[in-house]
2 protein chains.
Amino acid sequence: MPNRPGTLALVLHLSKAVHRASSEELLGMRLRQFLVLSYLHERSPSRQQDLCETLMLDANNCVLLLNDIEAAGWAERRRDPDDRRRHIVEITDSGREALFRAEIALDSLEDEVLGALSADERDTLRDLLSRAMADQPAVV
Amino acid sequence: MPNRPGTLALVLHLSKAVHRASSEELLGMRLRQFLVLSYLHERSPSRQQDLCETLMLDANNCVLLLNDIEAAGWAERRRDPDDRRRHIVEITDSGREALFRAEIALDSLEDEVLGALSADERDTLRDLLSRAMADQPAVV
DNA sequence: TATTGTTATACTCTATAACTATA
DNA sequence: TATAGTTATAGAGTATAACAATA
């Protein structure tokens with residue numbers, strides 16, 4: 001009969017710890033907004049649909065999130081000329097600056113949350129998580 | 001300027017993938033109930049307060065969660081004779097059985113979510129996560 | 001007076017369904 | 001008819017404050 005706290009349970013707990021440790025005040029934005037801008041920083045312009053799927057957001061949720069981000073001036077949406085039903089999302093210079101500041105803040109938060117691990121161990125952790133995520137069906 | 005998806009962002013994404021992949025139907029209980037029973041399986045009887053702190057649950061949230069778990073017959077609460085303000089929580093045989101079935105289900109889910117990693121790599125991941133979690137301030 | 005647990009309440013996040021426009 | 005995005009609405013999860021019982 002298994003009993004040790006499983007790997008997935010640990011992932012859930014650590015995620016909760018990150019949510020608790022992060023605040024809008026610290027990042028200058030909400031955590032979910034940060035994740036969107038991080039995505040856009042790597043792939044911009046990007047189709048709204050791809051963004052939603054990769055970040056595992058409901059279509060509805062995605063719209064509301066992008067509304068706020070666009071209102072903050074961090075990204076812009078425009079119609080795809082090839083298929084006017086689609087939206088193309090692109091990060092703005094202001095968005096990159098906000099993202100940069102948030103990343104600095106998140107680095108210090110990472111020191112806090114992963115303080116028990118050495119630099120090498122954090123690299124290992126990151127590599128393992130990255131490969132696990134790449135295999136997720138929802139991710140494009 | 002940093003740009004790679006950070007380790008913490010990966011933790012958040014993987015956590016979301018776990019939430020998405022798990023269902024009450026699959027586990028026979030809710031994910032949050034599973035986490036409580038897992039805790040109790042290791043430390044039972046346990047003070048309600050300790051349980052709340054370790055699982056990073058609000059006092060309120062903890063009460064509601066334990067209400068449901070107790071109603072399902074998976075755990076019991078009783079007053080602490082030494083301090084009648086406190087509650088002692090103890091898992092029941094029925095709770096252990098339900099936990100066991102859920103763990104079996106979660107194992108297959110782990111295969112799904114961590115399918116990209118070898119057994120050794122999963123052990124490494126579990127070790128790193130476990131040590132990171134042990135260092136969290138909220139955890140008793 | 002301080003603490004543990006509970007209740008009441010509201011807020012955030014997420015999910016479902018119906019609607020608009022484009023194809 | 002089908003799809004991308006939006007809107008409206010409800011549900012789940014979480015947080016805040018007031019309360020009761022006990023110390």
Side-chain angles (χ1 to χ4, degrees), chain A residues 9 12-13 15-27 29-36 40 45-71 75-90 138 140, chain B residues 12-13 15-27 29-36 40 45-72 75-90 138 140:
Chain A
L12 296 171
H13 278 154
S15 170
K16 199 160 191 173
V18 173
H19 274 284
R20 287 233 157 175
S22 69
S23 68
E24 187 169 357
E25 189 184 20
L26 177 72
L27 295 181
M29 65 180 65
R30 290 170 185 273
L31 201 49
R32 15 209 334 272
Q33 297 173 331
F34 172 82
L35 295 172
V36 170
L40 288 177
S46 170
R47 285 196 304 166
Q48 182 165 323
Q49 196 178 19
D50 293 342
L51 188 152
C52 291
E53 287 180 6
T54 303
L55 298 180
M56 292 178 283
L57 297 166
D58 284 17
N60 162 32
N61 209 349
C62 190
V63 168
L64 298 176
L65 191 42
L66 285 174
N67 284 350
D68 291 341
I69 289 175
E70 196 167 24
E76 287 173 356
R77 274 177 290 191
R78 59 173 186 273
R79 295 276 177 187
D80 182 346
D82 297 337
D83 183 343
R84 290 187 46 73
R85 292 174 303 183
R86 292 177 175 169
H87 272 177
I88 302 291
V89 189
E90 189 161 16
V140 178
Chain B
L12 296 171
H13 277 154
S15 170
K16 199 160 192 172
V18 173
H19 274 285
R20 288 233 158 173
S22 68
S23 68
E24 187 169 357
E25 189 183 18
L26 177 72
L27 295 181
M29 64 180 66
R30 290 170 185 273
L31 200 48
R32 16 207 336 271
Q33 297 173 331
F34 171 81
L35 294 173
V36 170
L40 287 177
S46 169
R47 285 195 305 165
Q48 182 165 322
Q49 196 179 17
D50 293 343
L51 188 151
C52 291
E53 286 180 7
T54 302
L55 298 180
M56 291 178 283
L57 296 167
D58 284 17
N60 163 33
N61 209 349
C62 190
V63 168
L64 298 177
L65 190 43
L66 285 174
N67 284 350
D68 291 341
I69 289 175
E70 196 167 24
E76 287 173 355
R77 273 178 290 191
R78 60 173 186 273
R79 294 277 179 187
D80 182 346
D82 296 338
D83 183 342
R84 289 186 47 74
R85 291 173 304 183
R86 292 177 176 168
H87 272 178
I88 302 291
V89 190
E90 190 161 15
V140 179

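Throughout, a chain's letter reflects where its sequence line sits, starting with A, and its residues are numbered from 1.
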Can a side chain N or O of A/R20 be found less than 4.0 Å away from OP1 or OP2 on D/dA15? yes
Figure out the NE2/P separation between B/H19 and C/dA15, and round it to whole Å. 10 Å
Counting side-chain heavy atoms from C-beta on, which of C/dA23, D/dT22, C/dT7 comes nearest to B/R85? D/dT22
With a 4.0 Å cut-off on heavy atoms, is B/R77 in touch with a base, just the backbone sugar-phosphate, or nothing at all? sugar-phosphate
Hey, are the side chains of A/I88 and A/R47 touching, using non-hydrogen atoms and a 4.5 Å cut-off? yes
When the distance from CD of A/Q48 to C1' of C/dA21 is rounded to whole Å, what number comes out? 14 Å
B/E70 has an atom CD; how far is it from atom P of C/dG5, in whole Å? 13 Å
5'-most contact on DNA chain D: A/K16 or A/R79, nearest heavy atom basis? A/R79
Indicate whether OP1 or OP2 belonging to D/dA15 is found under 4.0 Å from a side-chain N or O atom of B/N60. no
Taking for A/R30 and for B/C62 the nucleotide of DNA chain C with the nearest heavy atom, the one nearer the 5' end belongs to B/C62
Spacing between A/R47 atom CZ and D/dG5 atom P, to the nearest angstrom: 8 Å
C/dT4, D/dA4, D/dA23: which one has an atom nearest the side-chain heavy atoms of A/R86? D/dA4
Is there a side-chain polar atom (N or O) of B/Q49 under 4.0 Å from OP1 or OP2 of C/dT3? no
Tell me the interatomic distance from A/L57, atom CG, to C/dA15, atom C1', rounded to whole angstroms. 12 Å
Contact class for A/D83 vs. all strands (heavy atom < 4.0 Å): base, sugar-phosphate, or nothing? sugar-phosphate
Whole-Å distance separating the CG atom of A/D82 from the C1' atom of C/dT22: 14 Å
Does the side chain to side chain contact (heavy atoms under 4.5 Å, CB included) test come out yes or no for B/M29 and B/E24, once each step is laid out? CA-CA 5 Å; B/M29 64 180 66; B/E24 187 169 357; 5.7 Å; no
Distance check: side-chain N/O of B/H87 vs OP1/OP2 of C/dT6, anything under 4.0 Å? yes
Would you classify B/R32 as touching base, sugar-phosphate or nothing, given that sugar-phosphate means primed atoms plus P, OP1 and OP2, and contacts are heavy atoms under 4.0 Å? sugar-phosphate
Here the distance between atom C1' of C/dT4 and atom CG of B/L66, to the nearest Å, is 13 Å
Option among B/Q49, B/Q48, B/R78 that satisfies the side chain to side chain contact (heavy atoms under 4.5 Å, CB included) test with B/V89: B/Q48
Whole-Å gap separating P (C/dC13) and CD (A/Q33): 9 Å
Taking the minimum atom-to-atom distance to the side chain of A/V63, which one of C/dT3, D/dT6, C/dT6 wins? D/dT6
Taking OP1 and OP2 of C/dG5, is either one under 4.0 Å from a side-chain nitrogen or oxygen of B/R84? no
A/L40/A/E90 under side chain to side chain contact (heavy atoms under 4.5 Å, CB included): CA gap, chis, key distance, verdict: CA-CA 7 Å; A/L40 288 177; A/E90 189 161 16; over 6 Å; no
Minimum-distance pair of heavy atoms, taken over all atoms of B/L55 and A/K16: O-NZ, 3.8 Å
